[in-house]
Amino acid sequence: MICITGSVRELIDREDKRGNKVVAVGIGSPGIIKLDKGIVVTSPNFPGWRDVPLRSLIERVINLPVSMDNDANVAAFGEKWRGAGRKVNSLICLTLGTGIGGGIILDGNLWHGAHGMAGEIGHMTVDPNGPRCNCGNYGCLEAYSSATGMVRGATEAIKQGKRTILRRFSGNDSRQITAKMVYDAATQGDRLSISILKEAGSSLGIAIVSLINILNPEMIVLTGAVTGAWDLFMPAAFEEIEKRAYSRVMMRTKIVRGKLPGSAGVVGAAGLALRQMGSLPPMT
Ligand SMILES: [Zn+2]
């Protein structure tokens, strides 16, 4: 915590010296968050955290208004405010990284749901008989289309004796396998890695079809490190969407890559902080 407040203080001082006045602080935090109270209930990234009042802790030290939301939600807001979704009123943003985060924007506003839990798209079931996910459910999207999911697929296949150059890449230690290795192996024609990326794409396609069926958004924005492998997994996703589309109308939803790689969350957190202060006009 000292580190977080210390970094915030440092950034404020730095901007001060440059003649920029910092007026608010926006935070995007992973995990389950009580939005009204600014409390991080639990966070997979910070195993020791339980009911941490992050917002008030920072407010107390820096004496500026602080806004806080889930990390995937701030990324979605960033893409809406300054990224791929500037010209649309409704979008769903999926952050494909270690896990899969989701943020839903309807009529220009983030949709938080009744209890602040909306947008957990990574835990949408895409295969009821699939592998167990960290959340306790089976066959979640995250278990296939995240970096962790791909590594899991590779590790299991190796355990079953499948042939792959990933053995060599990892020095015969499957614990060393990374999603980047799977990508590199696929570009070198490794059949197992190609099939893992294809499965990641198909699962994503299945999830996207459901999202479009339920909400009919103007746009689906895909962001996060995994989108670097776009050409290797998205054809399977598009194929699945085409196959399962309920009507041709569905195909009007644009499916695009985010325009703020690596910074959607930061931009969105800033935007939400400005919005909380009333400095951002409505975006519908
Ligand atoms: Zn899950």
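In each ligand, atom 1 is the first atom listed, and ligand 1 is the first ligand listed.
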Going by side-chain contact (heavy atoms from CB on, under 4.5 Å), Leu54 matches just one of Val40, Val66, Thr5. Which one?
Val40
Regarding Glu10 and Arg14, does a basic nitrogen lie under 4.0 Å from an acidic carboxylate oxygen?
no
Could you grab the protein N, O or S atoms closer than 2.8 Å to the Zn ion (ligand 1) for me?
His123 ND1, Cys133 SG, Cys135 SG, Cys140 SG
Carboxylate-amine/guanidinium proximity below 4.0 Å for Lys243 and Glu239
no
Between Lys17 and Asp13, is there a salt bridge with N-O shorter than 4.0 Å?
no
Should His112 and Asn70 be marked as a side chain to side chain donor-acceptor pair (under 3.5 Å) after you check the CA-CA gap, both sets of side-chain angles, and the distance that decides it?
CA-CA 10 Å; His112 289 105; Asn70 171 281; over 6 Å; no
Stacked cation flag Arg82 on Phe77, 6.0 angstrom / 45 deg
no
